[in-house]
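Structure, as structure tokens:
Each chain gets a letter, A, B and so on, in the order its sequence line appears, and its residues count up from 1. Everything numeric in this text was worked out from a predicted model, so none of it was measured.
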Amino acid sequence: MYRLEDLNLVQQEAVRHKDGPLLILAGAGSGKTRVLTYRIAHLIAQGIEPWEILAITFTNKAAQEMRERVGFLVGSEGRGLWISTFHSACVRILRREIDNLPGYTRDFVIYDSSDQQTIIKTCLKECNLDEKKFQVRAVGAVISDAKNKLLDCDNFEQQAADYFQRQIAKVYRAYQKRLKNSNALDFDDLIMLAVLVFRQNPEILGRYQKRFHYILIDEYQDTNYAQYSLVKLLASQYRNLCVVGDDDQSVYGWRGADVKNILDFERDYPEAKVLKLEQNYRSTQTILEAANCVVSNNEKRKEKLLWTKNPKGQPLVFYVADDERDEAKYVTERIQFLHNSGRPYNDFAVLYRTNAQSRVLEERLMKEGIPYRIFSGHKFYERMEIKDVLAYLRLLSNPADKVNFARILNVPKRGLGGTSLARVMEYAEEQNMPVLEVVSEADYIPDLRPKARKSVLAFALLMQGLKEFADKEMSVTTIVEEILDRTGYRNLLIADDSPESQARLENLAEFLSVASEYDLKAQSRQDEDEFGMGFIPGLSGFLEHVALVAETDQIDQQEAAVVLMTMHSVKGLEFPVVFIVGMEEGIFPGTRSQLEPELIEEERRLCYVALTRAREKVYLCYAGQRMLYGRRQYNLRSRFLEEIPYNLLEEKDPSGEPPGRQYRKPKFMELRSRVSAPGVHVSAFGSPARKLGTPLVENAQEEFLVGEKILHDKFGQGIIMGVTGKGRQVVLTINFQGQLKQIATEYVNLTKLKTKESD
DNA sequence: CCGATTTCCGCACAG
DNA sequence: CGGAAATCGG
């Protein structure tokens with residue numbers, strides 16, 4: 001049972017509000033999940049049937065948590081409730097309705113981003129495009145972007161303005177054709193096609209509109225245009241739409257999220273009720289004040305001020321490190337110290353801007369024997385061995401799957417390389433047959449060398465055997481075991497006793513346990529209604545499950561380990577003690593953001609997110625020099641540091657006076673003298689606190705500073721945006737009227753122009 | 001066709 | 001610097 005008295009007044013209002021649009025602006029740590037779950041419980045208590053409620057979150061983790069908490073509040077009353085991510089909701093819709101779109105059938109498969117890359121690569125070749133000029137990643141991003149804006153091939157082609165775009169339009173078309181050919185959808189298709197089905201079939205839309213009387217969307221600030229449109233369509237009949245979000249925590253602009261969706265909610269729904277949750281239950285006053293001060297530097301935001309009844313707490317600690325190793329050493333020492341005084345290891349999180357920064361920290365923690373859990377890098381389902389097994393499974397469930405066929409034809413090694421693969425694929429295309437079927441006809445495939453032919457036939461036999469086995473076997477675990485055995489995959493790994501193979505075997509074991517978990521769940525849920533959790537027992541259900549749930553590396557908050565992760569992935573979590581490392585211009589904010597005020601604002605929101613994860617204590621670290629990408633960088637302090645009032649910060653500087661004194665105005669002189677190595681000349685410059693982002697560089701003849709104007713023989717006038725390298729090998733990033741260029745000073749003649757802001 | 005060597009290039013990331 | 005892809009040589 002739930003009790004409204006457990007909530008504060010605004011929260012209660014949000015829960016009680018029944019009909020009509022509702023916008024809840026929920027600051028960090030203001031109990032928004034609690035409001036959402038109570039609201040669902042309350043609706044059910046008011047007599048709304050659970051199947052009339054649709055709740056959408058962004059991550060599986062959030063959906064999972066919400067399901068658990070609602071289950072706790074309403075028990076079995078919740079049967080039939082839809083709580084899912086955008087993507088799994090769309091899959092469920094498409095499984096029933098996609099037959100209405102030409103060329104697709106309801107047994108479609110879902111391709112992940114690496115499958116997507118593979119296809120794009122072939123499409124680029126097909127269109128005779130130079131992979132240098134049209135990079136797979138970039139083209140993929142453009143296509144994804146288009147889909148997030150609901151532009152299909154035709155729309156995209158129409159609005160293509162230049163040569164580049166027109167070429168990409170061709171690739172987009174080819175790419176989409178290939179997907180259709182394999183009856184596959186990529187992640188972006190899931191949303192786009194769901195919208196398309198609704199747009200083209202009003203009667204289907206009507207059915208879903210009627211079904212979902214009450215719609216709740218979490219993290220609304222992270223929605224892109226396609227998701228926004230989907231929600232709008234579904235909610236347009238009853239307008240009982242409740243969205244929750246925080247514009248200050250919008251940090252996914254780079255993947256299509258549009259803050260405007262939340263900022264313009266009141267324009268879309270003029271009758272909307274707007275509530276602000278501003279009481280924070282998580283952090284100390286000091287931490288909140290610091291976070292508020294930082295984020296209030298943003299222009300485009302809804303004004304709100306978080307407050308708390310929590311104690312004032314301790315000041316944030318600012319540590320000036322010599323370099324990244326010193327930084328890691330400091331973090332490790334602090335953790336060890338605090339641990340010795342009674343804190344468990346899972347009280348700590350270390351946050352960084354880029355994954356590349358994690359290595360040093362990891363090394364140090366390992367050296368000191370502190371248990372840690374790293375949440376970054378390539379994900380579980382993207383590891384080679386897992387992808388290989390998955391490829392077998394997918395091929396068994398969809399014999400037309402060319403991408404996965406190509407992946408495993410020669411895995412493990414069967415002496416079938418690119419040439420043989422091409423011949424087989426070619427033949428399949430000619431005969432218009434599923435790839436997995438043509439291998440049995442290897443005798444008819446032209447131009448195959450006898451050796452390859454024999455190998456292909458052996459492969460055909462192997463797959464045939466596996467297929468027969470898989471068709472009558474319900475347990476995914478057993479199928480996986482059989483694949484590992486019959487292909488010899490496992491034995492090869494056992495035979496090779498390198499540590500990598502060891503790790504691979506462990507990952508496969510992990511995968512097997514995921515499979516058996518699924519088998520168990522599928523067994524117990526078989527009788528549940530179709531709108532329950534959407535479980536399909538057997539192989540195809542499992543494949544869908546892993547495609548949509550890519551989070552095996554889940555952070556187990558119970559595990560007694562320090563957590564290392566990026567500031568992006570920490571969103572939605574909280575820790576008693578938070579370390580933020582790399583508080584440097586060029587790192588955070590990153591070089592690419594420094595030009596664009598809009599991007600700076602997004603970085604600043606990221607800083608806000610990071611700070612507000614902490615319950616009690618925040619440590620901020622800055623390193624005067626840092627090795628990154630094999631180059632030594634000298635960065636100035638992050639501007640975000642300067643945005644935190646001095647009275648909230650306590651500076652620890654090992655090279656300076658004894659610790660404990662107050663942070664002072666930015667100490668440019670000290671910074672400079674500490675950075676400069678012996679024999680290196682550094683000119684004096686006195687910059688105001690505002691003008692930041694000015695790395696210093698050692699250079700015997702001449703030195704360049706960020707912000708300076710220069711004249712280039714060829715490109716003309718420009719402004720220095722970044723400096724890396726040292727001595728003779730200085731590389732400058734220069735902005736020539738908006739064009740960014742990398743210039744090595746060694747080879748080019750640059751003339752310095754007088755900077756007008758010489759203060 | 002395979003393994004070794006060189007070259008290239010770098011944010012963030014859920015589904 | 002380090003991982004992935006391209007290229008080389010057997």
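Between the NE2 atom of A:His568 and the P atom of B:dG15 there is a distance of 15 Å, given to the nearest Å. Rounded to whole Å, the distance from CD on A:Gln117 to C1' on C:dA4 is 12 Å. Straight-line distance from the CG atom of A:Leu94 to the C1' atom of B:dG15: 14 Å, rounded to whole Å. Computed from coordinates, the A:Arg92 CZ to B:dG15 P distance equals 15 Å when rounded to whole Å. Note: CZ (A:Phe86) to P (B:dG15) measures 13 Å, nearest angstrom. Nucleotide B:dA14 holds its C1' atom 12 Å from the CG atom of A:Asn148, rounded to whole Å. When the P atom of C:dA4 is taken as reference, atom NZ of A:Lys387 falls 13 Å away, rounded to whole Å. For the pair A:Ile110 CD1 and B:dA14 P, the interatomic distance rounds to 17 Å; values are reported in whole Å.
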Hey, what are the protein-to-nucleotides 5-11 of chain B N/O distances that come in under 3.5 Å?
residue: B:dC11; atom: O2; partner: A:Arg353; partner atom: NH1; Å: 3.2
residue: B:dC11; atom: O2; partner: A:Arg353; partner atom: NH2; Å: 3.4

Between the protein and nucleotides 5-10 of chain C, list the N/O to N/O atom pairs that are separated by less than 3.5 angstrom.
none

What protein N or O atoms touch nucleotides 1-3 of chain B N or O atoms at under 3.5 angstrom, if any, and at what distances?
residue: B:dC1; atom: OP1; partner: A:Gly417; partner atom: N; Å: 3.1
residue: B:dC1; atom: OP1; partner: A:Ser420; partner atom: OG; Å: 2.9
residue: B:dC1; atom: OP2; partner: A:Thr419; partner atom: OG1; Å: 2.4
residue: B:dC2; atom: OP1; partner: A:Gly415; partner atom: N; Å: 3.2
residue: B:dC2; atom: OP2; partner: A:Asn410; partner atom: ND2; Å: 3.3

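Side-chain atoms of A:Ser182 and A:Asp401 include no donor-acceptor pair closer than 3.5 Å. No hydrogens or angles considered: a donor-acceptor pair under 3.5 Å links the side chains of A:Gln176 and A:Lys147. Remark: the A:Asn224 side chain and the A:Asp258 side chain contain no N/O donor-acceptor pair separated by less than 3.5 Å.
Rounded to the nearest 0.5 Å, atoms CZ (A:Phe134) and SG (A:Cys127) are 9.5 Å apart.
Using bins of under 30°, 30° to 60° and over 60° for the plane-to-plane angle, the ring pair A:His568/A:Tyr252 lands in the tilted bin. Relative orientation of the A:Phe405 and A:Phe459 rings is perpendicular, given thresholds of 30° and 60° on the angle between their planes.
Checked against salt bridge (charged side-chain N to carboxylate O under 4.0 Å, His left out), A:Arg106 has the following partners two or more places apart in sequence or in another chain: A:Asp99. Taking A:Asp323 as the reference, A:Arg325, A:Asp326, A:Gln625 meet the side chain to side chain contact (heavy atoms under 4.5 Å, CB included) condition, with sequence neighbours excluded. With sequence neighbours excluded, the residues forming a salt bridge (charged side-chain N to carboxylate O under 4.0 Å, His left out) with A:Glu598 are A:Lys300, listed by chain and number.
With its ring centre under 5.5 Å from that of the base six-membered ring and a plane angle below 30°, A:Trp254 counts as stacked on B:dA12.
Residues A:Tyr175 and A:Ile143 meet the side-chain proximity criterion, which asks for heavy atoms closer than 4.5 Å.
Between A:Glu544 and A:Ile110 the shortest heavy-atom distance is CG-CD1, 4.4 Å.
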